[in-house]
Structures are given as structure tokens and as C-alpha cells.
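Just follow the structure's listing: the first ligand is 1, and inside any ligand the first atom is 1. Excluded from the calculations below are hydrogen atoms, water molecules and symmetry mates; all remaining heavy atoms, backbone and side chain alike, are included. This chain uses plain numbering: 1 for the first residue, then up along the sequence.
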Amino acid sequence: MFGRGGGTARGRGRFRIFPIVLFGAFFLYYWVSHQEEVPLTGRTQLVDVSREQEMALGLQSYQKILSESRVVPQGEVVEVVREIGRRLAAVSEDPGFEWEFNVIDSEQANAFALPGGKVAVYTGLVPVAENADGLAVVMGHEIAHAIARHGAERMAHQKLMQFGSIAAQMAVGEMDMGTQQAVMAAFGVGAQYGVMLPFSRDHESEADYMGLVYLARACFDPSEAPRLWQRMGAASAGRAPSEFMSTHPSHETRIRQFQEWMREAERIRAESCPAR
Ligand SMILES: [Zn+2]
């Protein structure tokens with residue numbers, strides 16, 4: 001189909017290769033010039049904002065969310081969450097975050113951590129977590145997302161995806177409408193299932209692993225992790241999956257991975273917590 005210049009009324013029209021070549025060169029340049037390394041796992045990632053920019057964005061979102069939520073001012077849950085958070089942050093690859101842990105009154109079984117160490121736990125998580133170890137599993141996972149800069153990495157991928165989409169549009173801009181639509185639809189599906197979802201599942205697995213190491217270092221019980229995610233799965237069954245669950249790896253994958261990591265986690269705990 002390349003070079004089928006000056007298509008007839010019935011032809012598909014001309015495919016322009018230049019935008020694709022240009023985008024390919026830009027992509028390569030961008031990729032090699034914005035590589036960072038994830039602490040603990042050593043995975044290289046694409047990130048194009050500075051830590052400072054990321055932390056400023058995190059703080060801004062945190063303040064907005066807190067101002068629009070019912071923040072629990074004090075009480076046992078708040079104290080427990082802050083204590084767990086402090087213990088996890090102290091053993092993490094903390095890049096100098098100003099940690100803050102708050103509890104939000106909401107039915108959702110959810111929690112989040114934003115760049116800069118801004119963490120919130122929803123009260124709906126407490127009955128599902130069941131105990132301090134369970135809370136530490138979720139909080140460790142969320143803290144790991146922030147330390148591994150998964151949000152910034154996703155932003156960089158989305159940016160490249162937009163540039164790619166523009167290049168694809170330019171390449172098929174002179175072809176007939178049906179072909180253009182088919183190509184753009186294929187591009188959208190490919191970007192979603194070929195790039196965004198696999199990366200999203202990788203991020204979840206990475207946060208599972210890092211969170212498990214943190215909670216073992218902080219002397220929580222790592223064997224609670226697979227049980228906790230089982231309870232989270234059961235709690236979200238029958239309801240629309242929370243943002244938290246929807247992009248996670250399959251249940252089987254998750255359990256298998258925790259089994260693979262458990263020996264290492266138990267060893268870390270034994271070394272970090274000799275009194276046990
Ligand atoms: Zn996650």
C-alpha cells in the first residue's frame with residue numbers, strides 16, 4: 001500500500017510515511033533521554049518530569065481531595081494509620097518526601113499515596129484490612145506506587161501516545177475516510193491493550209513486590225498479603241471495580257507472585273526484626 005500515489009476516487013488514497021519516520025526518530029530520542037531507574041527493582045522507566053514537579057502536583061491533588069472529603073480528625077483509626085505509615089515510610093527508599101497520613105470517611109475500601117508522600121486511607125478499607133498487617137499491605141502497596149513514580153511514568157506514556165496518534169492521523173490523512181477510521185481505531189486498541197494495560201499490570205505487580213518488602217522490613221507479617229488481596233477481591237465482587245482493583249493482575253497471577261516472593265520477604269523480616 002505504500003507509494004500508491006494519487007489514488008483514484010475508488011482507491012484508498014496515499015499513505016504518507018514521513019510522519020511515521022519523524023515520530024519514530026522523536027520516540028527513540030525521547031526514550032533514551034528520559035530513562036530513570038526504579039529503586040529496589042532496578043527496572044528502567046520513562047519519566048519526563050522532575051521529582052519537584054511531581055511532588056508539587058501530588059501536593060496540589062492531595063489538598064484538593066482532602067478539601068472535598070470528610071477527613072477524620074482524630075481517633076484510634078487515625079493513630080493506627082499514622083503509626084503504620086511512619087513505620088513503612090521509614091524503611092522505604094524515601095526520596096525525601098514530606099509524609100502525611102490522613103483518614104477519609106468513605107465506604108470505599110481504598111487508599112492512595114501521591115508523589116511527595118501524601119497518603120490517605122478510606123474508612124471502608126478498615127473492615128476489609130481486618131488488622132494492622134492487612135492495612136500495612138495496602139499502604140505499603142500505595143507507598144510503593146509513589147516511590148516508583150508510576151503516575152509520572154503513565155503521564156509520559158500518555159504523552160507519547162498522543163504524539164503517536166497525531167503522526168498516525170497525518171500518515172493516513174489523504175486516504176479515504178473508511179481507511180482512516182479503521183487505522184485510528186486500530187491505533188487506539190493497540191495503544192490500550194498493547195501498551196497502557198500491560199504497563200498498568202506491571203506497575204501493580206511492582207507495587208505488590210515493593211510493598212511486600214517494605215512491610216517485611218517494618219516487621220509486619222508478609223503472609224497477610226495474599227489473604228488481604230483475596231478479601232479485597234471478595235469485597236469488590238458484584239460491584240463496579242474500584243479504580244484500585246480494575247487494572248490489577250489476575251487473582252491467580254497475584255497469588256502465584258506472592259508465593260514466589262514470600263521466602264525472600266520472610267528472610268527480610270527475620271533479618272530486620274531479630275526479636276521475633
Ligand atoms: Zn495499585
Original post:
Does R269 reach the main-chain N or O of C219 with its side chain, forming a donor-acceptor pair under 3.5 Å?
Top reply: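 No.
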
**OP:** Evaluate the side-chain proximity of T123 to I104: yes if any heavy-atom separation is below 4.5 Å, no if none is.
**Re:**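 They are not in side-chain contact.
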
Original post:
Are side-chain heavy atoms of E153 and H203 found at a separation under 4.5 Å?
Top reply: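 Yes, side chains in contact.
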
Original post:
Is any N, O or S atom of D208 under 2.8 Å away from the Zn ion (ligand 1)?
Top reply: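 For D208, the answer is no, given that no N, O or S atom comes within less than 2.8 Å of the Zn ion (ligand 1).
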
Original post:
Counting backbone and side-chain atoms alike, does H203 have an N/O/S atom under 2.8 Å from the Zn ion (ligand 1)?
Top reply: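 For H203, the answer is no, given that no N, O or S atom comes within less than 2.8 Å of the Zn ion (ligand 1).
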
Original post:
Can you name the N/O/S atom of H141 that is nearest the Zn ion (ligand 1)?
Top reply: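 Nearest N/O/S atom: NE2.
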
Original post:
NE2 (H145) to the Zn ion (ligand 1) to OE1 (E204): angle, nearest 10 degrees?
Top reply: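 The NE2/OE1 angle about the Zn ion (ligand 1) sits at 100°.
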
Subject >> Positive for ring-ring contact (aromatic ring centres under 6.0 Å, His included) with H141, one of F258, F112, W229 >> reply: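 With H141 as partner, F258, F112, W229 yield a single ring-ring contact (aromatic ring centres under 6.0 Å, His included), made by W229.
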
